[in-house]
Protein chains: 4
Amino acid sequence: MTVSGRVRTKGGRTRRRLLDAAAAEVARNGRAGASLSAIAAAAGLKAGSIYFHFESRERLIEAVLEEGLRATLERLDAALAAEGDHAPPAARLRAAIRAHAVAAHELRDYTVAVLAPDFPDGGTAGALRRDYVGRWAELVAEAQSTGHLPDSVDPRLVRDLLFGALNAVSLAGRPPAEAASAVYALLRLG
Amino acid sequence: MTVSGRVRTKGGRTRRRLLDAAAAEVARNGRAGASLSAIAAAAGLKAGSIYFHFESRERLIEAVLEEGLRATLERLDAALAAEGDHAPPAARLRAAIRAHAVAAHELRDYTVAVLAPDFPDGGTAGALRRDYVGRWAELVAEAQSTGHLPDSVDPRLVRDLLFGALNAVSLAGRPPAEAASAVYALLRLG
Amino acid sequence: MTVSGRVRTKGGRTRRRLLDAAAAEVARNGRAGASLSAIAAAAGLKAGSIYFHFESRERLIEAVLEEGLRATLERLDAALAAEGDHAPPAARLRAAIRAHAVAAHELRDYTVAVLAPDFPDGGTAGALRRDYVGRWAELVAEAQSTGHLPDSVDPRLVRDLLFGALNAVSLAGRPPAEAASAVYALLRLG
Amino acid sequence: MTVSGRVRTKGGRTRRRLLDAAAAEVARNGRAGASLSAIAAAAGLKAGSIYFHFESRERLIEAVLEEGLRATLERLDAALAAEGDHAPPAARLRAAIRAHAVAAHELRDYTVAVLAPDFPDGGTAGALRRDYVGRWAELVAEAQSTGHLPDSVDPRLVRDLLFGALNAVSLAGRPPAEAASAVYALLRLG
DNA sequence: CATGAATGAGTGTTCATTCAT
DNA sequence: CATGAATGAACACTCATTCAT
């Protein structure tokens with residue numbers, strides 16, 4: 001499972017293989033349980049060779065988080081763009097829900113990494129995360145302002161409930177389309 | 001943070017301290033990342049002494065899962081009993097939602113442990129878990145049968161979305177009452 | 001497997017059970033590999049209780065060696081006494097060979113302990129051992145003086161060859177009588 | 001004390017040092033008592049580094065047994081070859097006795113390891129051992145068939161008595177030539 | 001770019017020993 | 001007499017990291 005994009009150089013391809021292997025390891029064994037030797041083996045390398053591509057274990061995992069978030073953001077952007085800038089808030093929220101579910105499913109390993117409770121607030125990954133959750137809070141607020149969602153609730157709380165719900169079932173292996181339409185139905189979104 | 005109950009013997013008290021410490025460690029560092037030395041230190045022991053109380057690291061963590069699930073089940077039972085056997089399905093579901101949110105919040109460390117993706121299907125903990133999720137699926141199905149929830153959706157999917165939503169925000173530190181009422185509002189549960 | 005003797009007191013019986021269990025453990029796992037908890041369990045006690053009967057692990061094992069040697073010496077004495085003080089040297093040596101083989105077989109666990117390469121020279125056990133091997137050197141020398149064994153060889157070397165041969169096969173499980181007569185035959189002892 | 005052969009690579013030399021150190025440790029403290037830290041220290045490494053060269057403690061010790069047996073077998077082959085294919089059985093047995101005594105003495109640590117009562121029947125080492133003892137049984141049977149040894153005794157029993165005798169005195173430090181000629185004399189082989 | 005070899009700090013676990021009960 | 005509870009040192013083993021090759 002890879003995140004996107006083409007790479008020309010050999011080093012770039014190895015880097016990509018390492019990221020994928022690391023995402024899988026973190027998904028399977030948790031951030032603390034992910035072993036560099038296992039990652040290296042899965043990428044066809046010896047452990048020491050990782051250090052040619054990443055400064056440290058910490059940086060490798062950070063890079064996984066960044067890649068995962070960047071790809072998820074791209075998908076959100078693409079989905080909203082496809083909907084059109086002036087689409088009604090409910091449609092935009094539906095598109096976002098579907099995009100999130102699909103991303104959580106397709107980038108599963110990367111997503112699990114992002115969910116780790118010890119996610120670092122700082123660094124590029126933290127910034128990307130803040131970006132993503134900020135965008136979502138806006139989408140929810142818009143939908144509340146048009147009455148599609150109850151406006152008695154803090155939009156960030158709604159967003160977090162949605163993330164929790166979508167992530168949990170997407171990672172459990174359910175088809176993302178099913179998860180998304182279940183959410184539409186429960187929220188009477190549409 | 002402890003799970004409940006009084007213990008008379010010295011060994012029993014140490015065991016309880018170990019369970020609490022282990023729950024906290026697992027919550028903080030994940031199942032794979034939880035270290036026995038850290039757990040022992042938090043419980044005021046040396047690492048080796050754990051083995052007087054638990055056969056192995058694995059058994060200690062299993063015991064944490066069991067305690068957490070047992071306490072959560074007790075709370076669900078109590079909440080439903082308080083509602084009365086013949087309460088309407090919507091009220092019963094609301095009570096369950098509130099109980100789950102409160103439990104997830106108050107037993108936070110134990111709950112996080114239960115959420116670990118590598119939760120063991122077998123053993124006592126697995127059985128307790130199956131019990132709990134089974135009960136919830138029934139509650140959802142009842143609420144669907146009376147029209148309080150859309151019946152186009154697999155009740156187990158609804159249940160998992162609810163768990164995901166409630167766990168995520170409860171563990172993030174939000175007051176559980178707030179999370180519960182947000183869910184009532186979003187689901188138009190009254 | 002016990003070494004001999006009757007004991008009246010309860011403490012004495014526990015001590016005996018501990019010695020037997022220790023002999024078995026040492027025989028099975030080697031001196032270094034013998035675990036006090038295993039010994040205690042085999043004797044129906046908890047590890048800590050051993051210290052009521054023996055000062056330390058070291059002393060317990062030493063006591064095993066002493067018991068084994070004492071019993072082996074008793075058997076040698078009895079066999080020679082049965083032969084009569086004035087029996088011919090060849091008959092005395094044959095009796096000693098048979099007694100040693102039988103002892104090695106019947107006291108197998110204790111014998112194995114005595115054979116451990118890290119046998120302590122000092123202490124009571126060392127003295128008993130020196131006694132036993134000294135007696136044997138004399139028996140061999142007598143047999144050489146009457147021409148029953150080649151007298152070109154250091155009697156202590158002969159003794160050690162005999163010990164090595166008899167111990168090895170007795171411990172391997174062969175019936176001791178068979179081992180003894182094989183040795184008679186090979187040495188043309190009659 | 002090393003077993004034979006030259007090695008070019010650095011890793012190969014470290015491996016050899018580890019084998020020698022392990023043989024010595026096993027000889028001194030028994031199979032169960034041999035500690036990896038001690039072995040590593042004797043080989044000039046830290047304990048963890050052993051795992052670059054051997055999969056586990058078990059495999060390291062197994063390798064010691066294999067090396068010891070392989071070297072002992074080579075010496076037996078060489079001794080018999082030097083005697084010539086058509087040498088009389090008594091001469092062949094004498095050569096074998098001398099070769100075994102010399103091997104037990106020169107490869108002392110490895111030999112002691114091979115003698116450990118918990119020798120594993122399976123694996124390469126077990127096969128080598130069966131090979132060696134099988135060859136010896138044949139040598140004894142030949143000598144019996146020509147009347148050089150009493151033929152009333154099971155040749156495997158004779159072989160085990162010889163092993164026991166030779167091993168015991170060789171390991172005790174006696175010059176192997178002396179042990180071998182003592183055995184010739186006692187068996188009237190000479 | 002990548003590996004072979006090593007390290008030092010960490011892991012979970014066992015064990016002899018102590019001592020209050 | 002014996003156990004329950006704890007310790008501290010050892011154990012085998014893993015791992016992130018380094019660096020010469």
Side-chain angles (χ1 to χ4, degrees), chain A residues 9-15 32-40 43-61, chain B residues 9-15 32-40 43-61, chain C residues 9-15 32-40 43-61, chain D residues 9-15 32-40 43-61:
Chain A
T9 68
K10 179 186 172 199
R13 274 191 305 273
T14 303
R15 201 187 126 96
S35 126
L36 281 198
S37 349
I39 294 171
L45 295 181
K46 307 287 168 173
S49 315
I50 291 182
Y51 290 81
F52 187 84
H53 300 275
F54 296 93
E55 251 183 28
S56 68
R57 194 189 108 115
E58 224 48 42
R59 294 279 253 222
L60 166 57
I61 292 184
Chain B
T9 68
K10 182 189 177 197
R13 275 190 304 272
T14 304
R15 202 188 126 96
S35 125
L36 283 196
S37 348
I39 294 172
L45 293 181
K46 308 292 168 176
S49 312
I50 292 182
Y51 289 81
F52 185 79
H53 301 275
F54 296 92
E55 260 184 19
S56 67
R57 194 190 107 116
E58 221 51 40
R59 293 278 251 224
L60 166 56
I61 293 184
Chain C
T9 69
K10 178 186 171 199
R13 274 191 305 274
T14 304
R15 203 187 125 94
S35 127
L36 280 198
S37 348
I39 294 171
L45 295 181
K46 307 288 168 171
S49 314
I50 291 182
Y51 290 81
F52 187 85
H53 300 274
F54 296 92
E55 251 184 28
S56 69
R57 195 189 108 114
E58 225 49 41
R59 296 278 253 221
L60 165 57
I61 293 184
Chain D
T9 69
K10 181 188 177 198
R13 275 190 304 274
T14 305
R15 203 187 125 96
S35 126
L36 283 196
S37 348
I39 293 172
L45 293 182
K46 308 293 166 174
S49 311
I50 291 182
Y51 290 83
F52 185 81
H53 301 276
F54 295 92
E55 259 183 20
S56 67
R57 194 189 107 116
E58 222 50 41
R59 293 278 249 226
L60 166 56
I61 293 183

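Chain naming here is simple, since letters A, B, ... match the order of the sequence lines and numbering starts at 1 in each.
Taking for each of Ala32(D) and Lys46(B) the nucleotide of DNA chain F with the nearest heavy atom, the 5'-most of the two is the partner of Lys46(B). For the pair Gly11(B) and Ala34(A), both in contact range of DNA chain F, the more 5′-proximal nearest nucleotide belongs to Gly11(B). Between Ser56(C) and Arg57(B), the residue anchored closer to the 5' end of DNA chain E is Arg57(B), taking for each the nucleotide with the nearest heavy atom. The residue among Ala47(C) and Thr14(D) whose nearest nucleotide of DNA chain E is located toward the 5' end is Thr14(D).
Atom CG in Leu60(C) sits roughly 15 Å away from atom P in dC15(E) (whole-Å rounding). Summarising the geometry, the separation between CG on Leu36(D) and C1' on dT13(E) is reported as 15 Å, rounded to the nearest angstrom.
Distance NZ/Lys10(B) to OG1/Thr14(B): 6.5 Å, rounded to 0.5 Å. Put simply, CZ on Arg15(C) and OG1 on Thr9(C) are 10.0 Å apart, with the number rounded to the nearest 0.5 Å. Between the OG atom in Ser35(C) and the CD1 atom in Ile39(C) there is a gap of 6.5 Å [rounded to 0.5 Å]. Note that CZ of Phe52(A) and CG of Leu45(A) are 11.5 Å apart. Values are rounded to the nearest 0.5 Å.
For Arg13(D), there are no side chain to side chain donor-acceptor pair (under 3.5 Å) partners two or more places apart in sequence or in a different chain.
Chain B approaches DNA chain F within less than 4.0 angstrom (heavy atoms of the protein), and the contacting nucleotides run 5' to 3' from dG4(F) to dG8(F).
Using a 4.0 Å heavy-atom criterion, one finds that Leu45(B) contacts the sugar-phosphate atoms exclusively. Using a 4.0 Å heavy-atom cutoff across all strands shown, Ser35(C) reaches sugar-phosphate atoms only and no base atom.
When all heavy atoms of Lys46(A) and Ala40(A) are compared, the closest pair comes out as C-CB, 3.7 Å. Scanning all heavy atoms of the two residues, the minimum distance from Ala32(A) to Gly33(B) falls at CB-CA, 3.4 Å. In terms of heavy-atom proximity, Ile50(B) sits nearest to Leu36(B) at CD1-O, 3.6 Å. Considering all non-hydrogen atoms of both residues, Ala47(C) and Ser37(C) come closest at CB-CA, 4.1 Å.
Taking 4.0 angstrom as the limit, Ser37(B) places a side-chain polar atom (N or O) nearer than this to OP1 or OP2 of dT11(E).
For DNA chain F, runs of at least 3 consecutive pairs of the Watson-Crick or G-U wobble type, with both hydrogen-bonding distances under 3.5 angstrom, map to E:2-21 with F:2-21.
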